[in-house]
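Source: prediction; values computed, not measured.
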Amino acid sequence: MNNHTPKPDSPRSCPVSYKDIFHSIKNAVFLMDADWHIFQINAYAEKLTGYSVAALKKMGSILKLVHKDDVDTIRAYHKRRLAGDNDVPDDYTCRIVDKSGGIKWVAVRVGILPDPRYKTVTILDTTREFKNLELLHNREHKFRVMIEHSHELILNVDRDGIIRFAGASAFQIVGYNAPELVESSFVSYLHPDDKKRIEAALDIQQFSAEKDDQGICAAEFRFRHKDGSWVWIEAVCNNLLHNEHIRSFVITGRDISGQRVAEEKALYYEHHDGLTGLPNRGMFIDRLGLEIQQARRRNRLFCVMCLGIDRLKEVNEVYGAKTGDRILSRVAVRLSDTFRGDDYVSRLSGDKFIVLLSDIHNADGANHILKKTRRIFRDDLEINGEQIRVTASIGVVFYPNDGVTDEQLISNAETAMTMAKTNGRNTCQYYDAELHGKMMSSLKLERDLTEALRNGELVDYYQPKVDGVGNIIGAECLIRWKSRERGLVLPQDFISIAERNGAIVDIGYYMLSKACRRAKLWQEQGLLPIQISVNLSPFQFKQRDLVYRIKAILDDVRLDARWLELEITETGIMADEEDSILKLKELYALGVSVSIDDFGTGYSSLNKLKDFPLTTLKIDKSFLQNIDAKSRSSTITTAIIGLAHDLDFKVVAEGVETHDQLSFLRHNKCDFFQGYLFDKPLPASELEKRLGRIIL
Ligand code: C2E
Ligand code: CA
Ligand code: CA
C-alpha cells in the first residue's frame, strides 16, 4: 500500500449529507406520522406521483394517493401490524393514483423509526412487473380454459407412467373426474391387448428423447371407461420429458369409438353374410385357398359340398321373402351345428351354402357327411306357425380330382348341386365332368331356344291323318326348330328342356295360334276343311288360364272350335284328375276336341277315362312295331280298339309304317291312321298341296 493512497473517510467526516442520500433514493420515500400525515418526501416521490413535493405536503394524508378500493386493505394491514401480528409480511401491494389519474401498482414497505410517532413508507413502482404477471396470468388462464373446454382427452404422464395432469374433458370421454386420474398409472387403464404395444411405444419414446431430445408418436388404444366399457382413443403422444416446465409425455386423444365400431361392422359385413352371419364367398375363397396349399404340400384330398335350398323362390312367392330369409337363417344355424372344428360353412349366394370338409378324403367319408347333412332337412321347419317342408340339393367335389383351383372347385360343386336339382331335387350328386358337359350344352340349348322363339325359328310341320279309304281328315301339328346354327332340330331334342324351364308354355301357345291361323287360312283358300291337332304339354295343360287363352286364340283367328283338337298324354290328364275334368268340360263346352296321346304307355285304365269328356284315343306307335296275329301287342291293340269303341271313342293309330300294320288295324276297325306310310310330317306348304286329294 503506498502513502499516496487516500485513506477512506471516517463516517463522521463523510461529505454527503443524509438529505442528499434521502433524495437520491430511486424509490418514493415518505416520512409520516401515525395518522398518515406527510412530513417529508424525497424527490423521487414527485416522479412517482406527478405531484410536486409542496403539493404532496399540502395533500396531508398519504391515503389520498391510494386507490379507493385498496384503502381498507391498507388500514387492515397496519392494524394487524400495530397489534404485533408476526404473520404480516413486511410489504404489501396496492394501487396509487397519480396526478394525471393513472393507476400504478406499487410495493409498499413500512419502516419503523426510534420515535414511534413517526414511520417511513417506501413505495416501489411495480406496475411493469405487475403488468407482466397479469399478462402471464391471463395467458395461463386462457390455456387452462382451452384445455378445460377441449373435447380431447389431455393427459400428462411422467417418466414412470404416472398421470400428473388430466384435462377436465376426461369426464366426458372416460367418465373420470380429472383428479381421480391424477397419481394413477396410465397403462393400468389400457385394454390388455393394447397395453404392451403402448408401453413399448412410450419406452421407445423415452429412449429416443434421451438420445435426440424429441419425439411425437400416434397411437390408437382402448381406455377403460369408469363404467367398465372400453373407449377407443386416437392419441398423439408428445414427448416433453426434456421440457423443464412440463417434464412429461403430453397425450392428447379423441374418442373414436363410434368410428371404430362402424369400421369393425363394415369389416365384419365385408367378410360375413348379413342375414345368416356366416362367412361370405370372399372369406370362403380365402379359406379354400389355404386348404388347397396345405393339401398340395401334404398330397392330400379334401371335399367341398355345395348345398342349394330347393324351391326357395317358390317359398318366397308363397310365404313372402321374410319367411325365405328365416329359412336361410335356420338352415345356417343347423349347418353350423352339424359342422364344427375344421369344417368351414359359408353362404355362397342366394339359396346356396358351401362347406369345406378338410377331413373328408374319400367317397365313404363324404357319404357319411351327406347322411348327416340330409338329417338337417328331415323335419319340417316351423316358421310363424307354418310347417314348411324344406329340402336341399347337394353337390360334392373332391380336390384335386374335380378341380385344383378355388374357382374350379366352387364352380364344379355348384354344377353338381344343379345336377342334383335337375335329378328331382332333395338329392346328392357327385361331380361328373361328362354330365357337366351335357348340362352345359343343355343350358346353351335352353338359351338358344328362347332366342329361337323370338327369331321365328320355330316352325309348324303337319302330318296328315287319314280315314279308312285314305282321305285326309286331319293333320297333327308338329314343331320343328329350323336353327341357323344347328340345322333342323327335332322336338325330342328340345321339348323336355323347354318343359323344364317353363318355356314350353310360350312355345305351346305360339304353335297353337300358328296351327289355328293355318287351318283358318286353308279354309279361306277353299281347301277341304280339316281338323288340326295340336300337342299340349302336361305343363301347359296345368296352367290356370288354359281354356281362356285357347278361346282367345280361336276368337282372334275366328276359327270355329270344332276344327281344333288338342292332344294330351294320359299322364298329363291324370296328374290332377279334378282339375283335368273341369278343364276338359270347359273345352268340350267350347267345342274343342281332346284326344289322348300315346295311349297305352301310361297306367290309366280305359274305365277311368270314360268319365272324361274325350273324343279320341291315339294308340301309341310302340304297339304297332311288332304287330302280327299272335303278338302281345296285337292282342292289346285289338282290345284297346274294342274297348274304346264301346266307350264311344274314335281310335287313331299313329306310327303306321307298313301295309301289314294298316291291314291289321283296318281289320280291327281302327278309325283313322297316321304314319310314314302315308306321309312324314310336312311343311305347311306341302300339306296344302295334298289337301282335297285322296292318297291311296
Ligand atoms: P307325338 O305327339 O307322339 O308325335 C308323333 C311323333 O311320331 C312325331 O314325332 C312324328 O314325327 C312321329 N311319327 C309319325 N309317324 C311316324 C311313323 O310312321 N314312324 C315313326 N317312327 N314315327 C312317326 P316328332 O315330330 O319328332 O314329335 C315328337 C314328339 O314331340 C311328339 O310326339 C310330341 O309329344 C312332341 N311335340 C311335337 N310338336 C309339339 C308341339 O308343338 N307341342 C308339344 N307340346 N309337343 C310337341
Ligand atoms: Ca301327338
Ligand atoms: Ca303320340
Side-chain angles (χ1 to χ4, degrees), residues 445 448-449 452-453 455-467 472-483 486-499 503-522 527 529-541 550 553 557 559 563-572 592-601 616-625 652-657 661 672-691 695:
L445 196 96
D448 293 353
L449 189 58
L453 181 64
N455 297 344
E457 288 181 7
L458 300 181
V459 294
D460 47 336
Y461 271 46
Y462 295 89
Q463 187 175 36
K465 287 181 197 176
V466 300
D467 63 12
I472 297 183
I473 49 90
E476 180 178 4
C477 170
L478 293 159
I479 191 169
R480 296 291 179 268
W481 175 6
K482 282 192 167 163
S483 163
R486 303 163 193 262
L488 188 74
V489 191
L490 289 173
Q492 74 218 36
D493 295 326
F494 65 88
I495 289 289
S496 59
I497 288 169
E499 279 178 327
I504 191 68
V505 176
D506 285 345
I507 293 175
Y509 287 120
Y510 178 76
M511 292 306 288
L512 191 74
S513 91
K514 250 190 170 202
C516 290
R517 230 171 268 279
R518 200 72 82 179
K520 180 72 184 177
L521 192 75
W522 286 328
L527 299 175
I530 53 161
Q531 196 182 43
I532 301 289
S533 307
V534 178
N535 290 286
L536 267 200
S537 144
F539 195 82
Q540 189 176 3
F541 187 60
I550 290 177
I553 289 173
V557 175
L559 179 73
W563 300 114
L564 174 66
E565 181 181 60
L566 301 172
E567 295 193 5
I568 310 169
T569 57
E570 291 174 62
T571 30
V592 175
S593 317
V594 178
S595 125
I596 304 181
D597 206 355
D598 304 341
F599 188 79
T601 53
T616 315
L617 201 146
K618 248 180 140 173
I619 304 174
D620 190 67
K621 53 183 173 294
S622 58
F623 290 99
L624 301 192
Q625 264 154 24
V652 180
E654 64 176 356
V656 184
E657 293 179 351
Q661 288 169 338
F672 307 113
F673 314 93
Q674 182 185 346
Y676 294 167
L677 182 63
F678 310 99
D679 264 311
K680 290 204 162 176
L682 307 165
S685 55
E686 289 294 311
L687 179 78
E688 210 176 289
K689 290 181 198 158
R690 283 177 174 62
L691 285 184
I695 294 178

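- A side-chain donor-acceptor contact under 3.5 Å links Q661 to the backbone of E657.
- With Q531 contributing its side chain and G474 its backbone, the two residues share no donor-acceptor pair below 3.5 Å.
- In this structure, the side chain of N455 does not engage the main chain of E457 through any donor-acceptor pair within 3.5 Å.
- Rounded to the nearest 0.5 Å, atoms CG (D620) and OG1 (T601) are 5.0 Å apart.
- Here the CD1 atom belonging to I507 is positioned 13.0 Å from the CG atom belonging to N535, to the nearest 0.5 angstrom.
- Inter-residue side-chain proximity for L490 and R480 is flagged as met; some heavy-atom pair is nearer than 4.5 Å.
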Under the side chain to side chain contact (heavy atoms under 4.5 Å, CB included) rule, what do D493 and W481 come out as? Steps first, then yes or no, please.
-> CA-CA 10 Å; D493 295 326; W481 175 6; over 6 Å; no

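- The shortest heavy-atom contact between F494 and V489 is CE2-O, 3.5 Å.
- Contact check for R486 versus L445: side-chain heavy atoms found under the 4.5 Å cut-off.
- With a 4.5 Å cut-off on side-chain heavy atoms, I504 and I497 do not count as touching.
- Of all non-hydrogen atoms in L536 and Q540, the two that sit nearest each other are CD2-OE1, 3.4 Å.
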Candidate pair K465 and F673, rule side chain to side chain contact (heavy atoms under 4.5 Å, CB included), full reasoning = CA-CA 6 Å; K465 287 181 197 176; F673 314 93; over 6 Å; no

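- For D460 and R518, the salt-bridge test passes: some basic side-chain N is under 4.0 Å from an acidic carboxylate O.
- Residue D598 holds its CG atom at 5.5 Å from CD of E654, rounded to the nearest 0.5 Å.
- With contacts defined as side-chain heavy-atom distances shorter than 4.5 Å, the pair T569/F599 does not qualify.
- Contact check for L478 versus Y462: no side-chain heavy atoms found under the 4.5 Å cut-off.
- With hydrogens and angles left out, the side-chain atoms of Q463 and Q674 include a donor and acceptor closer than 3.5 Å.
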Before giving the answer on side chain to side chain contact (heavy atoms under 4.5 Å, CB included), spell out for L559 and I553 the whole-Å C-alpha distance, their side-chain angles and the decisive distance to 0.1 Å.
-> CA-CA 9 Å; L559 179 73; I553 289 173; over 6 Å; no

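- Distance check, rounded to the nearest 0.5 Å: OH of Y461 to CG of L682 gives 9.0 Å.
- C477 contributes atom SG, which lies 12.5 Å from atom CD of E565 (distance to the nearest 0.5 angstrom).
- A donor atom on one side chain and an acceptor atom on the other are not found under 3.5 Å apart for S533 and E476.
- P538 is listed as a side-chain neighbour of E499, based on a closest heavy-atom distance under 4.5 Å.
- Of all heavy-atom pairs spanning L564 and V592, the tightest one is O-CG1, 3.6 Å.
- For the pair D679/V466, no side-chain contact is recorded, criterion being any heavy-atom separation below 4.5 Å from C-beta on.
- Contact record, I532 with A515: CG2-CB, 3.6 Å, taken as the closest heavy-atom pair.
- A 4.5 Å side-chain heavy-atom check between I568 and F541 finds at least one atom pair inside the cut-off.
- In this structure, D597 CG and T571 OG1 are separated by 9.5 Å, a value rounded to the nearest 0.5 Å.
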Verdict with reasoning, Y510 to L458, per side chain to side chain contact (heavy atoms under 4.5 Å, CB included) = CA-CA 9 Å; Y510 178 76; L458 300 181; 4.0 Å; yes

